[in-house]
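Counting starts at 1 for both ligands and their atoms, in listed order.
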Amino acid sequence: MVACVIPPGEVRMIDTNIMVIIPDGAYGRLASRSSHCLHGVFVQGGVIDSDYRGTIKVVFYNSSKEPYEFFAGDRIAQLLIEQLADTEAEELPVLAPELASTRGSGGFGSTGR
Ligand SMILES: O=c1ccn([C@H]2C[C@H](O)[C@@H](COP(=O)(O)OP(=O)(O)OP(=O)(O)O)O2)c(=O)[nH]1
């Protein structure tokens with residue numbers, strides 16, 4: 001039985017009806033299944049806070065040109081439990097020379113292919 005259809009090029013949210021309590025100091029991150037990625041269907045974002053007490057919803061984007069069907073009981077995503085780093089942010093007016101790095105502001109392919 002088809003439970004949900006993600007139309008091509010559209011975003012849909014599926015409520016898993018599953019509640020999970022993430023331990024303090026950690027968070028949950030929803031990730032795509034590779035089998036869905038092969039069809040152009042991706043989980044969008046998805047951070048589950050440790051103080052969240054609702055059901056987990058999964059947001060999908062169907063980048064393909066075909067509708068994608070989910071059936072009742074399908075495994076639709078993966079939940080990774082990740083430890084938060086115990087760190088603090090410090091605001092600086094300017095970047096001090098001793099904080100410079102070889103990479104600098106390079107990204108998006110700056111190191112080559
Ligand atoms: O893909 C997602 C993303 C979030 N959530 C739930 C768990 C999370 O703890 C809560 C809030 O998510 P987030 O902080 O990303 O939402 P927001 O848009 O910043 O809204 P809020 O003001 O409710 O935090 O919603 C899901 O079930 N699925």
Under 3.5 Å, side-chain donor or acceptor atoms of residues 72-79 against the rest of the protein: list the pairs with distances, not counting sequence neighbours.
residue	atom	partner	partner atom	Å
Asp74	OD2	Phe71	N	2.8
Gln78	NE2	Ser32	O	2.9

Which pairs would a plain distance check flag for residues 101-113, meaning a side-chain donor or acceptor within less than 3.5 Å of a matching protein atom at least two apart in sequence or in another chain?
residue	atom	partner	partner atom	Å
Ser101	OG	Gly104	N	3.1
Arg103	NH1	Gly106	O	3.0
Ser110	OG	Gly107	N	3.2

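Residue pairs meeting the ring pair (Phe, Tyr, Trp, His ring centres under 6.0 Å) criterion with at least one member in residues 29-54, sequence neighbours excluded: His36-Tyr68, His36-Phe70, His39-Tyr68.
A side-chain donor-acceptor contact under 3.5 Å links Thr55 and Asp15. For Tyr27 and Glu82, the side-chain atoms include at least one donor-acceptor pair closer than 3.5 Å.
Nearest heavy-atom pair, Ala26 versus Ser50, reported as atom, atom and distance to 0.1 Å: O-CB, 3.7 Å.
For ligand 1, the 4.0 Å heavy-atom shell takes in Leu30, Gly46, Val47, Ile48, Asp49, Tyr52, Thr55, Ile56, Lys57, ordered by chain and residue number.
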